[in-house]
Amino acid sequence: MASKTADMLSKLALNNDGANPQANGANGTNGHVSDQDESDEDRDDDATANGTGNTASGAAKKKKKKKPKKKKAAPKVQSDPPRVLVSQLFPNGYPVGEEVEYKNGNAYRTTNEEKRHLDRINNDFLQEYRQGAEVHRQVRQWAQANIKPGMTLTEIAEGIENGTRALTGHWGLEEGDNIKGGVGFPTGLSINHIAAHYTPNAGNKWVLGEQDVMKVDFGVHVNGRIVDSAFTMTFDPKYDNLLAAVKDATNTGIREAGIDVRVCDIGAAIQEAMESYEVELDGKTYPVKAIRNLNGHDIVQHSIHGGKSVPIVKGGDQTKMEEGEIFAIETFGSTGRGYVVDDLEVSHYALRPDAPNTALRVQSARSLLNVIKKNFGTIPWCRRYLDRLGQEKYLLGLNNLVQSGIVEAYPPLVDVKGSYTAQFEHTILLRPNVKEVVSRGDDY
């Protein structure tokens with residue numbers, strides 16, 4: 001320190017006529033030079049220029065080499081709560097789902113070169129689906145580990161949805177962002193006799209209880225490729241047989257599904273598996289019934305329901321599955337009637353792909369329709385999603401859009417009070433040469 005101070009004082013004395021800008025406060029404080037603002041390299045350069053490159057000790061001073069800044073290593077594991085992009089965790093491509101070879105008349109597809117070529121040219125499409133599936137697996141792993149009785153449904157829904165947004169990189173707050181990727185549809189948290197389509201609206205105070213049976217049904221999409229998968233959570237082992245029945249039924253449906261298979265045959269197999277179970281609850285035995293008016297469905301880009309249904313009971317629908325189609329195979333079991341009706345406050349909505357070109361007289365409806373088209377397109381949404389976009393006093397306009405047939409409302413679907421319902425669901429891809437259960441995980 002002493003030698004540096006002596007050098008600087010001599011420089012100030014030599015430049016006292018104002019030629020030195022530092023002496024006049026250009027880079028110093030109150031007209032004085034700050035030795036904290038001058039780097040070692042700058043002092044070395046000045047010394048060399050003035051022919052005074054020696055220190056007080058006479059030893060030559062070497063320039064210090066700047067150490068290159070270390071790049072931060074990319075994360076290798078998911079955070080808790082999940083916030084790391086899956087694209088960072090899988091820079092070389094996403095995990096492949098469960099691949100199942102076709103059987104019987106379609107067995108040739110596995111080795112057929114033409115079918116294999118068709119599969120290869122679909123790589124972008126497959127990567128989008130597999131990315132969404134990996135997001136689903138990681139978010140639901142967090143949900144299964146963290147959802148506990150005593151939490152509100154709003155806490156649970158927002159935890160799942162924020163995880164989905166973070167892992168896809170689409171928070172949905174900028175116009176059009178949620179159309180590119182993110183949440184595929186509102187998080188269904190349907191409890192006990194409520195089988196489907198329940199998510200909390202603003203102000204909902206429902207708290208998850210120890211004896212509740214909760215269906216967790218959420219979607220992830222990347223470029224409109226929607227992964228639809230669901231599971232059921234309980235906290236009392238007395239419900240185990242109910243869950244086992246529905247899981248078995250869903251896996252049966254997945255096993256039977258395939259190219260050229262009639263959906264009525266799948267429904268018959270699902271019902272047989274489901275209704276081979278019974279469950280004892282509080283000393284009374286209940287048969288597990290397949291909910292006959294709920295179905296699986298095909299999925300098309302940017303639309304969760306494409307037009308085909310997959311029944312979960314035997315029936316007469318002779319529709320066939322076809323090559324290249326995507327299906328959500330979902331089954332619902334109940335200790336009640338095995339039949340659901342609309343009830344409770346609506347939360348789920350979607351813009352209809354075939355919406356009529358109707359003149360809207362209500363100004364708030366016209367304004368809201370513009371928001372829906374720009375932020376969701378035909379991806380389903382709920383009232384909470386409008387709230388987070390800053391929309392206010394929109395119910396009149398929303399009801400007008402529903403009444404005009406432009407927006408479809410999906411009310412909660414319920415069995416009789418006092419009954420319990422369960423659900424399991426996976427998305428399958430009917431690739432040309434193999435069936436891929438893209439959302440399959442270690443959990444179900």
Side-chain angles (χ1 to χ4, degrees), residues 185-186 188-199 213-217 219 228-232 242-243 245-254 256-257 261-279 286-299 303-321 327-350 352 380 402 405 408-428:
F185 53 83
L189 299 173
S190 305
I191 291 180
N192 300 338
H193 69 294
I194 307 171
H197 295 169
Y198 188 94
T199 201
V213 178
M214 181 171 70
K215 282 69 63 185
V216 181
D217 187 355
D228 186 359
S229 186
F231 57 96
T232 299
L242 173 62
L243 272 59
V246 183
K247 190 181 292 187
D248 186 5
T250 296
N251 285 330
T252 298
I254 292 168
E256 295 298 319
V261 175
R262 298 181 192 277
V263 296
C264 58
D265 295 335
I266 300 172
I270 287 172
Q271 184 176 17
E272 183 178 359
M274 178 93 70
E275 298 186 351
S276 66
Y277 288 79
E278 55 186 25
V279 56
Y286 298 86
V288 179
K289 298 176 183 176
I291 299 179
R292 59 186 181 275
N293 59 333
L294 289 179
N295 307 291
H297 50 89
D298 68 332
I299 303 171
S303 186
I304 189 63
H305 290 166
K308 288 185 177 181
S309 294
V310 184
I312 63 173
V313 294
K314 60 184 177 182
D317 189 347
Q318 301 291 310
T319 302
K320 287 185 178 181
M321 292 181 165
F327 284 91
I329 303 296
E330 60 182 322
T331 74
F332 297 83
S334 175
T335 62
R337 293 180 303 180
Y339 186 87
V340 292
V341 296
D342 295 347
D343 197 11
L344 306 173
E345 184 179 52
V346 179
S347 55
H348 287 52
Y349 300 87
R352 294 180 59 172
V402 172
E408 186 78 34
Y410 297 92
L413 300 168
V414 308
D415 203 330
V416 292
K417 282 188 177 181
S419 64
Y420 295 94
T421 59
Q423 173 197 18
F424 281 92
E425 176 181 24
H426 274 303
T427 295
I428 65 171

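Residues take their numbers from the sequence shown, with the count starting at 1. Below, each value reflects all heavy atoms present in this structure, side chains not excepted, and no hydrogens, waters or symmetry copies.
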Please round to the nearest 0.5 Å and tell me the distance separating atom CG of Asp317 and atom CZ of Arg262.
10.0 Å
Val216 versus Leu189: any side-chain heavy-atom pair under 4.5 Å?
yes
For a side chain to side chain contact (heavy atoms under 4.5 Å, CB included) check, start with the C-alpha distance between Met274 and Val246, then their side-chain angles and the critical distance, and finish with the verdict.
CA-CA 6 Å; Met274 178 93 70; Val246 183; 3.8 Å; yes
Scanning both residues in full, the closest heavy-atom pair of Ile266 with Ala257 reads CD1-CA, 3.8 Å
Nearest 0.5 angstrom please: Phe231 CZ to Met214 CE, how far?
7.5 Å
Can you name the nearest heavy-atom pair linking Ile304 to Pro380, along with the distance?
CG2-CG, 3.7 Å
Side chain Lys308, main chain Asp298, donor-acceptor under 3.5 Å:
no
Do Ser309 and Val263 make a side-chain contact, defined as non-hydrogen atoms from C-beta onward lying under 4.5 Å apart?
no
Look up atom NE2 in His197 and atom CG in Leu294, then write down how far apart they are to the nearest 0.5 Å.
8.0 Å
So how far is it from Gln318 CD to Asp265 CG, rounded to the nearest 0.5 Å?
7.5 Å
Work out which heavy atom in Thr252 is nearest to a heavy atom in Ile270; give both atom names and the distance.
CG2-N, 4.3 Å
Please name the pair of heavy atoms, one in Glu330 and one in Ile312, separated by the smallest distance, quoted to 0.1 Å.
O-CG2, 3.4 Å
Considering all heavy atoms of both residues, which atom of Asp217 and which atom of Ser229 are nearest to each other, and what is their separation?
OD1-O, 3.7 Å
Any donor-acceptor pair under 3.5 Å linking the side chain of Glu275 with the backbone of Pro287?
no
Interatomic distance, Lys215 atom NZ to Glu425 atom CD [nearest 0.5 angstrom]
13.5 Å
Polar side-chain atom of Ser334 near backbone of Lys289 as donor-acceptor pair, under 3.5 Å
no
Check against side-chain hydrogen bond (donor to acceptor under 3.5 Å, both in side chains), Asp415 and Thr421
CA-CA 8 Å; Asp415 203 330; Thr421 59; over 6 Å; no
Has Thr250 got a side-chain atom pairing as donor or acceptor with Phe424's backbone, closer than 3.5 angstrom?
yes
Given Val414 and Val341, is the side chain to side chain contact (heavy atoms under 4.5 Å, CB included) satisfied, shown in steps?
CA-CA 5 Å; Val414 308; Val341 296; 4.0 Å; yes
By ring pair (Phe, Tyr, Trp, His ring centres under 6.0 Å), Phe332 pairs with (sequence neighbours left out) none
Can you see which heavy atom on Arg337 is nearest to which on Arg292, and at what distance?
O-NH1, 3.5 Å
Main-chain N/O of Asp228 paired to Thr427 side chain as donor or acceptor, under 3.5 Å
yes
For a 4.5 angstrom cut-off between non-hydrogen side-chain atoms, does Val402 reach Tyr349?
yes
Value for CG (Leu242) from OH (Tyr420), rounded to nearest 0.5 Å, stands at 10.5 Å
Find out whether Gln423 and Thr232 are in side-chain contact, i.e. whether some heavy atom of one side chain is under 4.5 Å from a heavy atom of the other.
yes
Taking side chain as C-beta onward, heavy atoms only, is Val310 less than 4.5 Å from Asn295?
no
